[in-house]
Amino acid sequence: MEQSKLQLFKDSIATVTDVDALIAALQTERQTSIRINRLKINELNLPKVPWCETGFYLEKRPVFTLNPLFHAGAFYVQEASSMFLEQIIKPFATRPLRVLDVCAAPGGKTTLALPLLPEGSLLVANEVIKSRAQILSENLVKWGYSNSIVTNNDPKDFSFLKGFFDLILVDAPCSGEGMFRKDDDAISEWSPENVDLCSKRQLRILYDVWDCLAPEGMLIYSTCTFNEKENEDVVSRFIAENNAVCEKVILQPEWNVTEREKDGAISYRFFPHKTKGEGFSLSVIRKHDGTEYSLPKRTQPSGNIASFAKSFQTYNSFLTNDNQLIYSDKRNILWSFPQEYQQILCEISSHCNIVHAGTPLVELMGNKLNPHHGLAFSIAYNADSFPRISVDLETAVRYFKKEPLSLPQAEKGWLNLMYENVSVGFVKNIGNRANNPYPQEWAIKMNVDYSRLSENCIE
Ligand code: SAM
């Protein structure tokens with residue numbers, strides 16, 4: 001960082017922490033961490049992230065792209081500090097919740113929240129940037145939960161859901177000071193003017209979604225930046241102007257998380273010179289007024305949702321969970337989605353741009369039925385639906401690279417590929433080769449040295 005900029009940065013955080021210690025920590029290697037999908041893989045023999053039951057630190061950063069379990073949603077690569085969110089969601093999630101993750105791509109907080117929500121919960125994961133909403137959708141299909149809807153909208157587009165959500169996550173776009181050691185762009189884009197711009201945008205996002213929060217609902221505001229303008233100042237101004245208060249989070253002293261209070265705002269700060277993680281700040285805001293949501297009388301599907309035909313219900317057998325509604329999208333893909341949220345799905349489809357909702361099952365092509373590649377990742381996939389075949393590391397990587405496979409010993413027809421007991425995909429075995437329908441846009445693009453694949457395993 002150029003000297004004049006560095007001084008401006010130092011000045012902006014001088015009241016927040018020991019600036020020299022922070023800058024020294026930013027020069028060191030960052031720590032790699034992952035969070036496992038407990039419904040796909042078990043415990044790992046690695047050091048744990050203390051504030052997240054499914055979080056682990058890795059000794060070095062492997063090439064995750066060459067690990068089939070990464071593609072199959074068996075783990076998510078997430079910076080450890082962000083996993084602190086578990087400490088807030090877990091005690092709050094004592095009943096089914098309706099959750100809005102309004103700045104959700106690429107899906108780190110969403111994939112953390114989903115396993116913590118009791119059955120009967122619904123999560124709407126939104127991302128305003130179209131290309132990022134596609135990545136969010138891919139990551140959520142891979143994570144395998146059917147009770148989520150991915151939308152591509154501006155935060156203010158949710159105003160029709162007044163009082164609907166019990167929990168809103170605003171993991172706000174910020175000046176990214178916490179990313180300084182990870183990302184050269186974050187350094188070159190930093191300026192005091194950008195900090196001001198970000199804080200205005202953050203306040204606007206809070207205002208945009210506040211009406212959607214139910215009375216006694218909770219909003220979690222977070223950034224990966226150190227300065228006060230984008231953290232405590234945004235929160236204190238917001239709670240002063242609304243009927244809201246900040247809540248405390250129970251901390252363990254050995255975590256070295258810093259609790260700060262300023263003008264009514266309470267924040268939990270992760271500084272890399274004190275805590276084993278990157279820069280992160282989080283505040284919990286409770287709402288005390290407002291009205292509960294009431295569903296409009298008539299709701300019709302629209303947008304990408306084509307039909308809820310009764311005949312689709314036969315495809316329920318591909319899943320082990322009950323109470324699923326099957327719908328068709330405009331590309332003739334059948335999806336399963338929680339029955340109890342049918343009306344709200346219709347309502348959201350008529351106001352928002354739905355990228356996907358639920359779990360993909362099959363693609364209907366005339367009178368042919370092809371299992372959808374996303375069905376393989378569902379945590380509720382009925383393993384008896386198609387014959388299973390276990391494959392080795394190289395074959396699994398070739399599958400995710402979208403290469404045709406050769407499975408001469410296997411039976412013909414659709415097969416479910418398993419790698420280390422995790423379902424990774426489907427191929428159609430025609431004898432001399434097996435056709436690979438994995439989508440090109442999700443496929444591994446890099447050149448692969450197949451002799452060194454095992455270097456990228458996580459244990
Ligand atoms: N929650 C994500 C996760 O854990 O993986 C990270 C979110 S990132 C910090 C902030 C997101 O906000 C980005 O995906 C960005 O595209 C989006 N964003 C940018 N401008 C926005 C705006 N004006 N309103 C809402 N979201 C915005």
Side-chain angles (χ1 to χ4, degrees), residues 33-35 37 49 51-52 54-55 64 70 73 75-89 99-116 123-143 145 148 150-159 167-180 182-183 185-186 189-190 194-210 212 219-227 230-231 234 238 270 277-283 352-353 355:
S33 47
I34 61 167
R35 195 166 32 71
N37 187 336
V49 174
W51 44 84
C52 177
T54 49
F64 290 112
F70 168 69
F75 66 89
Y76 191 95
V77 183
Q78 186 173 40
E79 185 287 297
S81 307
S82 304
M83 299 182 196
F84 181 63
L85 189 62
E86 175 168 307
Q87 296 299 320
I88 298 97
I89 297 183
V99 183
L100 172 63
D101 185 355
V102 76
C103 309
K109 311 282 184 310
T110 319
T111 54
L112 187 148
L114 279 167
L116 300 174
L123 193 154
V124 178
N126 176 68
E127 168 57 43
V128 67
I129 297 174
K130 197 173 177 186
S131 56
R132 289 179 62 83
Q134 291 299 332
I135 296 166
L136 174 66
S137 168
E138 174 184 340
N139 284 336
L140 291 197
V141 165
K142 290 178 167 180
W143 203 243
Y145 285 68
S148 65
V150 175
T151 54
N152 171 215
N153 282 83
D154 191 275
K156 67 176 178 318
D157 297 341
F158 292 92
S159 58
L167 174 62
I168 298 182
L169 310 180
V170 178
D171 189 29
C174 67
S175 62
E177 292 159 359
M179 296 291 144
F180 278 3
K182 191 154 128 179
D183 182 355
D185 284 348
E189 281 166 19
W190 186 90
N194 193 33
V195 168
D196 289 339
L197 209 92
C198 286
S199 69
K200 287 197 183 95
R201 183 167 53 197
Q202 289 149 352
L203 193 64
R204 194 178 67 231
I205 296 174
L206 291 179
Y207 268 99
D208 282 343
V209 294
W210 187 243
C212 305
L219 186 149
I220 301 175
Y221 174 77
S222 58
T223 74
C224 62
T225 211
F226 299 113
N227 68 74
E230 296 179 67
N231 294 305
V234 169
F238 187 76
F270 288 70
E278 297 298 303
F280 186 59
S281 173
L282 178 148
S283 295
C352 291
N353 178 23
V355 184

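Residue numbers run from 1 in the order of the sequence given. All ligand and atom numbering here is 1-based and tracks the order in the structure. On a predicted model such as this, the values are computed, not experimentally measured, just so you know.
Counting only residues at least two apart or on different chains, no salt bridge (Lys or Arg N to Asp or Glu O under 4.0 Å) pair has a member in residues 201-210.
When non-hydrogen atoms are compared, ligand 1 lies under 4.0 Å from the backbone of K109 as well as from its side chain. Contacts between I129 and ligand 1, counted as non-hydrogen atom pairs separated by less than 4.0 Å, involve the side chain only.
Applying the 4.0 Å criterion to heavy atoms of I205 picks out, from ligand 1, the atoms 22 (C), 24 (N), 25 (C). Heavy-atom contacts of G108 reach the following atoms of ligand 1: 3 (C), 4 (O), 5 (O) (cutoff under 4.0 Å). Residue P106 approaches ligand 1 through these ligand atoms, each under 4.0 Å from one of its heavy atoms: 5 (O). For ligand 1 and R201, the ligand atoms under 4.0 Å from any heavy atom of the residue are 23 (N). Heavy-atom contacts of P155 reach the following atoms of ligand 1: 24 (N), 25 (C) (cutoff under 4.0 Å). Residue A172 has at least one heavy-atom neighbour below 4.0 Å for each of these atoms of ligand 1: 9 (C). Of all atoms in ligand 1, listed by their number and element, those nearer than 4.0 Å to a heavy atom of E127 are 11 (C), 13 (C), 14 (O), 15 (C), 16 (O), 17 (C).
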Go through it in stages, so that I can follow the logic: the residues are F84 and F280, the test is ring-ring contact (aromatic ring centres under 6.0 Å, His included), and I'd like the CA-CA distance, side-chain angles, deciding distance and then a yes or no. CA-CA 9 Å; F84 181 63; F280 186 59; 7.4 Å; no
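A donor-acceptor contact shorter than 3.5 Å links the side chain of N37 to the backbone of W143. Without hydrogens or angle criteria, E86 side chain to C52 main chain gives no donor-acceptor distance under 3.5 Å.
Here Y221 contributes atom OH and I205 contributes atom CD1; the two are 8.0 Å apart, rounded to the nearest 0.5 Å.
The shortest heavy-atom distance from S82 to ligand 1 is not under 4.0 Å.
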